[in-house]
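In what follows, chains are A, B, ... by sequence order, proteins preceding strands, each numbered from 1.
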Amino acid sequence: MDLYKDRNASDAIIRKIFEVSKDLGEVKLCHVCGTHEHVITHYGIRALLPKNVQVVSGPGCPVCVTTQGEIEAAVKVAEKGAIVTTYGDMIRVPSKRSLSDAKASGLDIRLVYSINDSINLAISNPNKKIVHFAIGFETTCPTTAVAVLNSPDNFYVLSAHRVIPPAMDLLLSSGKINLSGFIDPGHVSTIIGTKPYEPISKKFHVPQVICGFEPNDILMGIYLLVKQIKEKRAEVENEYVRGVRTEGNTKAQKLMEKVFEPCDIRWRGFPVIPGSGLSLRNEFSNKDAYKEFNIEIEDIPEEKGCSCPEVLRAEKIPRECPLFGNICTPQSPKGPCMVSREGACYISFKYEKS
Amino acid sequence: MCLAVPGKVIEIKDSVGIVDFNGVKREVRLDLVDVKVGDYVIVHTGFAIEKMDEKDALESLHIWQELLKVQEDY
């Protein structure tokens, strides 16, 4: 599969991008995936594009869009004696009380690689309650659904799951940024397929291309987008054929549908986005940590001075934040985008600081 | 977070498989896919989320080559 990284192929695609976009005005493309941001910045793709073609980062990092209220809920669950598990960077995200501070104060908060590790923890600790603080987009939601259906009675889920298309709709509805097209997330699309994006293209007349994760996947996606713009089309195309079927993973969709129902939820940097959250259906209330521990999500205001909200809404790039690189660094992050390895600020600091 | 890596299923026991990621072998849950030993899967947080189809991969390469007409460059 060298073609996906091959420099000659990159050059050929870049030539095509220049050819197609030379008669276009300003083109602003937005992706909504932390892994895409990593590939784009790591390979310096922005520097290879024509001056009138810009790629910006949207709300594509689940760790970054999880609210302080949800983090606080996880801390409260731990205070009530449960062992709380969660993924990677979530633990370091600054908050009213971060999970790492809570852990340092003696609460039992553990990192896991997979929700399956949390189930095993529940099996080996039958006298403890194990709560998985479940973050992530559609890629991750089906794994939580499997866990809800196949776990012992002492295992619970604190769902902070979110789905992407309503956030994309909101970005365009806000009218604050003038987007010409979307680079759609590859592995979210592996689960949901191409259809859920179609209403967005119809409603706002914007083209979309689902992209894979090699540098040439991204370049090919950009080429297909500028080509659609030039031809005045607004369709959903799939560049990542090797990982995404048109219908998506229907087995995973059915499991998600069985276990979760849509709910209205606030995203860090956004207002409440209708239908963008996933909560456990009533029939699984015995697995729902919000119900088991009688906890509600508090509304905690965002930290002042930090531009993460604007970065997540694609209104600013990381270096436009006054805290970037001096007050806020990966060693001492002030906002979630500088913590997560998929956060735009962390990635920019790592690869573009100089 | 949505990072996922491809690997080859080398063993299956109920809903758990052993997947070989270029020599590193790990247990992976197979609840979300229908696969057999020898299939390639995309793995995210310990779960296979899709089977990678050789036919699809070849088709995608073909589409690329058509689009770019770069065959002569190889």
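Counting heavy atoms of neighbouring residues, nucleotides and ligands inside a 6.0 Å radius, atom CZ of A:Phe284 exceeds 12 of them. Around NZ of B:Lys8, the count of heavy atoms belonging to other residues, nucleotides or ligands within 6.0 Å does not exceed 12.
When heavy atoms are compared at a cutoff of 4.5 Å, A:Ile164 does not approach chain B at all. Heavy atoms closer than 4.5 Å to chain A are found in both the backbone and the side chain of B:Ile49. At a 4.5 Å heavy-atom cutoff, the contact between B:Val33 and chain A is made by backbone and side-chain atoms alike.
Of the listed residues (A:Leu149, A:Asn216, A:Asn238), the one with the most heavy-atom contacts under 4.5 Å to chain B is A:Asn216. Taking chain A as the reference chain and counting heavy-atom pairs below 4.5 Å, the highest number among B:Glu27, B:Arg26, B:Lys51 is found for B:Arg26.
Centroid-to-centroid, the aromatic rings of A:His187 and A:Phe213 come within less than 6.0 Å.
Looking only at atom types and distance, the side chain of A:Gln253 has no donor-acceptor partner in the side chain of A:Thr250 under 3.5 Å away.
Under the side-chain hydrogen bond (donor to acceptor under 3.5 Å, both in side chains) rule, A:Asp217 has a single partner from A:Lys5, A:His36, A:Arg242, which is A:Arg242.
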